[in-house]
Amino acid sequence: MKTLKDVLIQGENGLQLVGKHLIPDEPMPARELPIVREDFLSAVEAKDVKEHNLRYGNGLETEPRLLLSWLMLPTRCNQNCKGCYAGKDRKRMNHCLPNFYSPKKLDELLATLKRYGVRTLGYGGVGELFTMKRPSSPMGWREYIDMIIGHGFSMLIFTNGTLLTQEDIAWIEKRPISLIFSWRDTVASEHDKIVRLKNSFQNSVQALEFALRAEMQNDNRIGVEIPVIKSNIERVLYDFIPAMRYLGIIPYAEQYMQVCTSPEEKKMSLNFAEARGFFQRAQEIEAKFGYVHQTCFGQRMVSQTACDRPVFSVTIYPDGIVTPCPASSEKLGNVHESSLDEILLSEKYKNWLKDFGICACSVFYTDDRSQIPANIPNFLEGFK
């Protein structure tokens, strides 16, 4: 059985992932590109639902259809990462951490999401789900997960993994759940410095090893995400991607999210030209493992196309605000002021669908400079 011990060494900067030796000299035969099970959407179905919702936005359908949703709770995070996706490191999370939804309110929201067709519920982007425990919460994380599954959903959970025990992983493995572990680097000292938690990398690696022993990789239920920045490009290309492919874990090598970044963080990020080079090199390495895919306009992650999921997803934040996706700042309404039904049937939501072009997080790959959209979000202007 392949284990993380095969791809880890104890270096001068602590534990680190190594993978360059795993890259085949000659390309392997082409094979199907794996996708994390709970993150998989049939291209045909996604296209059908997207077209339906665009018609809905133009008044040609009576209601929208959804495929996935993010339902965030006010869970704290045990890390304090630089460039936090939710802005915790800049005190932006405080306003969105009110009291938990009541079980009755959760039931109402879940029933509505199910009625609109949602099959997978995602968790990530505000706090760490596995900090959710009684008595500070009305239920523990296991009770919450069982409530979600009891409504007929599967789950896609983003986690830093540092709090998960072998027994926790065994419990999770028995349920329709996929885990995506969040790393910031492949070297312990670099990762821990960014997340500002001692032994974070080591503990996350341990939980990932538990998931491998539970054989969750055999049905594509494990992924690891890592933001690409100037300082880790070579490690992501020659250690992270090869090691993950060797282990059967889905690598989410992605461009650093820019929605909330500070000027200092932008200096670490790749501009359009650097991103172009990264994706092209990643494509060559992936082909060595038999995973042949083409880079495409709007791409943000290796092996994935431009994101159009906001057209058929919805995100509900702890303070009740509803947005199309976790990366969107478009506020469609608040479930504490209106029902989710009213929000999804509102003119505001229809107008947003009608005007949808490309997700704000998905304008990182361009074949050449001429493809950079003339009107890009302000926070990306400096990357031209």
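- A donor and an acceptor atom, one from each side chain of Thr162 and Asn160, are located under 3.5 Å apart.
- Ala243 and Val18 make their closest contact through CB-O, 4.1 Å (heavy atoms, listed as atom of the first residue, atom of the second, distance).
- Remark: Leu110 CG to Leu340 CG distance equals 10.0 Å, nearest 0.5 Å.
- Ionic pairing of Glu143 and Arg134 is present here: one or more N-O contacts between side-chain nitrogen and carboxylate oxygen are shorter than 4.0 angstrom.
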Report the C-alpha separation of Val187 and Asp239 in whole Å, then their side-chain angles, then the decisive distance to 0.1 Å, and conclude whether the side chain to side chain contact (heavy atoms under 4.5 Å, CB included) test is met. CA-CA 10 Å; Val187 177; Asp239 293 317; over 6 Å; no
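- The existence of a salt bridge linking Lys47 and Asp308 is excluded, since no basic side-chain nitrogen approaches an acidic carboxylate oxygen closer than 4.0 Å.
- A salt bridge between Glu128 and Arg76 is absent, with no side-chain N of the basic residue lying under 4.0 Å from a carboxylate O of the acidic one.
- The closest side-chain heavy-atom distance from Val314 to Tyr349 is not below 4.5 Å.
- Using a 3.5 Å distance cut-off with no hydrogens or angles, the side chains of Glu330 and Thr323 do not pair a donor with an acceptor.
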Step by step, work out the salt bridge (charged side-chain N to carboxylate O under 4.0 Å, His left out) result for Glu234 and Arg281. CA-CA 10 Å; Glu234 301 303 309; Arg281 292 170 70 192; 2.9 Å; yes
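- Remark: Asp146 engages Arg175 in a salt bridge, criterion side-chain N to carboxylate O under 4.0 Å.
- Arg235 has a carboxylate O that lies under 4.0 Å from a charged side-chain N of Asp185, or vice versa, which qualifies the two as a salt bridge.
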Given the rule in the side chain to side chain contact (heavy atoms under 4.5 Å, CB included) test, do Ile145 and Ile148 qualify, once you have shown the distances and angles that lead to the verdict? CA-CA 5 Å; Ile145 287 174; Ile148 300 298; 5.6 Å; no
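- Without hydrogens or angle criteria, Asp168 side chain to Thr165 main chain gives a donor-acceptor distance under 3.5 Å.
- Atom CZ of Arg55 sits about 11.0 Å away from atom OG1 of Thr62, to the nearest 0.5 Å.
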The test is side chain to side chain contact (heavy atoms under 4.5 Å, CB included); show your working for Ile285 and Tyr238 and say whether it passes. CA-CA 8 Å; Ile285 292 170; Tyr238 295 111; 3.7 Å; yes
Criterion salt bridge (charged side-chain N to carboxylate O under 4.0 Å, His left out) on Asp39 and Arg309, from CA distance to verdict: CA-CA 11 Å; Asp39 202 23; Arg309 293 188 176 194; 2.5 Å; yes
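- Ion pairing of Glu38 with Arg119 is absent here, as no side-chain N (NZ or NE/NH1/NH2) approaches a carboxylate O to less than 4.0 Å.
- Atoms CD1 and CG, on Ile226 and Asn232 in that order, are 5.5 Å from each other to the nearest 0.5 Å.
- The environment of NZ in Lys198 is sparse: at most 12 heavy-atom neighbours from other residues, nucleotides or ligands sit within 6.0 Å.
- A 6.0 Å sphere centred on CD of Glu12 holds no more than 12 heavy atoms belonging to other residues, nucleotides or ligands.
- The number of heavy atoms from other shown groups lying within 6.0 Å of NZ (Lys20) does not exceed 12.
- Nearest heavy-atom pair across Gly57 and Leu353 is CA-CB, 4.2 Å.
- The pair Arg213-Glu209 meets the salt-bridge criterion, with a side-chain N (NZ, NE, NH1 or NH2) lying under 4.0 Å from an Asp/Glu carboxylate O.
- Between Tyr101 and His336, the distance separating the two ring centers is shorter than 6.0 angstrom.
- A donor-acceptor pair is defined here as one N or O able to donate and one able to accept, closer than 3.5 Å; such a pair exists between the side chain of Asn53 and the backbone of Val311.
- Between Arg221 atom CZ and Leu179 atom CG the span is 8.0 Å, to the nearest 0.5 Å.
- Ion pairing between Glu167 and Arg142 holds under the 4.0 Å rule for side-chain N and carboxylate O.
- Within a 6.0 Å sphere centred on NZ of Lys105, heavy atoms belonging to other residues, nucleotides or ligands number more than 12.
- Using a 4.0 Å cut-off between charged nitrogen and carboxylate oxygen, Glu190 and Lys193 count as a salt-bridge pair.
- Looking at Lys354 and Glu347, no side-chain N of the basic residue comes within less than 4.0 Å of a carboxylate O on the acidic one, giving no salt bridge.
- The aromatic rings of Trp352 and Phe356 sit tilted, their planes meeting at an angle between 30° and 60°.
- Around atom CD of Glu32, no more than 12 heavy atoms belonging to other residues, nucleotides or ligands sit under 6.0 Å away.
- Rounding to the nearest 0.5 angstrom, the gap separating the OG atom in Ser182 from the NE2 atom in His191 is 9.0 Å.
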Test side chain to side chain contact (heavy atoms under 4.5 Å, CB included) applied to Glu286 and His293, step by step: CA-CA 8 Å; Glu286 287 273 85; His293 49 82; 3.2 Å; yes
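- For Trp70 and Tyr123, the ring centers are positioned 6.0 Å apart or more.
- The two atoms that bring Pro27 and Ala287 nearest to each other are CB-O, 3.8 Å, heavy atoms only.
- The two residues Val224 and Leu208 make their nearest non-hydrogen contact at CG2-CD2, 3.9 Å.
- Shortest non-hydrogen contact noted between Tyr317 and Cys325 is OH-O, 4.4 Å.
- The CD1 atom of Ile229 sits 14.5 Å away from the NZ atom of Lys267 when rounded to the nearest 0.5 Å.
- Taking each heavy atom of Ser269 and Glu274 in turn, the nearest pair found is O-OE1, 3.9 Å.
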